[in-house]
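Scroll down for the structure; my scribbles are underneath it.
Quick note on labels: first sequence line is chain A, next is B, and so on, each numbered from 1.
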2 protein chains.
Amino acid sequence: MYINDNVINKMQDTLKIAADGTRLKILSCLLNELDVSDSHPHLIEKCVNDISLQIGSSQSLVSHQLKVLKDGGFVKARKEGTKIYYSLKDEHVRQIMQITYEHVLEDDDND
Amino acid sequence: MYINDNVINKMQDTLKIAADGTRLKILSCLLNELDVSDSHPHLIEKCVNDISLQIGSSQSLVSHQLKVLKDGGFVKARKEGTKIYYSLKDEHVRQIMQITYEHVLEDDDND
DNA sequence: TGCAAATATGAACAACTATTCATATAATAT
DNA sequence: ATATTATATGAATAGTTGTTCATATTTGCA
């Protein structure tokens with residue numbers, strides 16, 4: 001892992017995208033209902049309105065944040081009629097959330 | 001991975017701490033010089049001034065950010081005379097950086 | 001063409017935060 | 001005691017960003 005300033009900046013940008021409650025809810029919403037014991041988990045696709053309802057945030061906010069997630073390479077979109085289905089883009093997103101999740105659980109023990 | 005609002009907030013806090021260039025430099029500075037092929041990597045300890053010099057940021061800034069990292073459970077401190085040696089606290093920090101690193105490298109291929 | 005549903009967008013504001021500067025504290029040695 | 005080294009702290013500021021509100025765009029359908 002050789003880290004120069006350019007890499008630091010990109011890592012910062014990537015982590016900034018993940019470091020937001022609304023975006024984390026969107027991501028967890030898109031990775032829920034996955035069978036973690038399945039070694040080839042199938043893709044969860046949800047449209048903007050579904051996500052909005054499930055996480056309890058406004059349509060506008062969800063749309064704004066989905067754009068951030070999409071520009072950052074966290075999710076991808078598929079158009080079908082008037083709806084646009086979003087899903088997680090790659091495995092790294094899952095991994096970042098998984099490890100962060102484990103980290104906060106471990107901290108609970110020390111509180 | 002059951003994620004409620006309380007967990008989301010803690011994940012947000014954790015990721016926010018990582019999502020900063022100066023703090024990433026400090027962390028990478030503390031995990032450099034590790035032999036990645038070593039299954040039991042030894043601890044790297046560095047004092048504030050060393051870190052300040054190595055990453056090219058002021059002593060004050062490094063001290064401020066080390067406090068953030070310490071409060072967030074990313075690093076720990078050991079006092080020895082007038083110097084205070086900082087080191088990475090747990091393996092999750094390494095993992096978050098490793099996966100984020102891989103994520104930004106993968107994105108380079110798509111640019 | 002007109003209407004409804006789904007999503008995106010732009011402006012505006014409030015809240016947060018990274019950095020700098022000056023200063024304070026703590027430990028050590030002379 | 002005084003000086004020096006190492007680190008921490010507090011205030012102030014400038015830049016960033018999450019959210020809301022209003023509105024625009026796009027698609028499908030009667």
Worksheet item: Separation of I84(B) atom CD1 from dT7(D) atom P, in whole Å?
Response: 7 Å
Worksheet item: Counting only side-chain N and O atoms of Y85(B), is one of them less than 4.0 Å from OP1 or OP2 of dA6(D)?
Response: no
Item to complete: Take nucleotides 25-30 of chain C nucleotide by nucleotide from the 5' end and write B, S or -, depending on whether a protein heavy atom sits under 4.0 Å from the base, only from the sugar-phosphate, or from neither.
Response: --BS--
Worksheet item: For the side chain of R23(A) and the backbone of V62(A), is there at least one donor-acceptor N/O pair under 3.5 Å apart?
Response: no
Worksheet entry | Test item: L24(B) and D20(B) side chains (from C-beta on) under 4.5 Å apart, heavy atoms | no
Discussion item. With a 4.5 Å cut-off on side-chain heavy atoms, are Q12(A) and T14(A) touching?
Written reply: no
Fill in: Interatomic distance where CG belongs to L66(B) and C1' belongs to dA18(C) [whole Å]
15 Å
Response to the item:
Between NZ of K83(B) and P of dA8(D) the distance, given in whole Å, is 13 Å
Item to complete: May I ask you to test the L31(A)-V93(A) pair for a side-chain heavy-atom distance under 4.5 Å?
Response: no
Fill in: Nearest-angstrom distance from the residue atom CG of N49(A) to C1' of dT27(D)
15 Å
Show me the donor-acceptor pairs, under 3.5 Å and distance only, between side chains in residues 70-86 of chain A and residues at least two apart or in other chains.
unit_1, atom_1, unit_2, atom_2, d
D71(A), OD2, K67(A), NZ, 3.2
R78(A), NE, E45(A), OE1, 3.4
R78(A), NE, E45(A), OE2, 2.9
R78(A), NH1, E80(A), OE1, 2.7
R78(A), NH2, E45(A), OE1, 2.7
R78(A), NH2, E80(A), OE1, 3.3

Item to complete: Assess whether one donor atom and one acceptor atom, taken from the side chain of Q59(A) and the base of dA6(C), lie less than 3.5 Å apart.
Response: no
Fill in: Between dT7(C) (P) and R78(A) (CZ): distance, integer Å
12 Å
Discussion item. Between C1' on dT7(D) and NZ on K46(B), what's the gap in Å once rounded to a whole number?
Written reply: 18 Å
Fill in: N/O donor-acceptor pair under 3.5 Å between S52(A) side chain and S57(A) backbone
yes
Fill in: Sidechain-backbone polar pair: S28(B) side chain, K25(B) backbone, donor-acceptor under 3.5 Å
yes
Discussion item. Is any side-chain heavy atom of K89(A) closer than 4.5 Å to one of L69(A)?
Written reply: no
Item to complete: Report yes or no: do Q95(B) and E91(B) form a side-chain donor-acceptor pair below 3.5 Å?
Response: no
Worksheet item: Reading nucleotides 14-20 of chain D from the 5' end, what letters show protein touch, with B for base, S for backbone sugar-phosphate only, - for no heavy atom under 4.0 Å?
Response: ---SSSB
Worksheet, complete the sentence: Rounded to whole Å, the NZ-C1' distance (K67(A) to dT7(C)) equals 13 Å
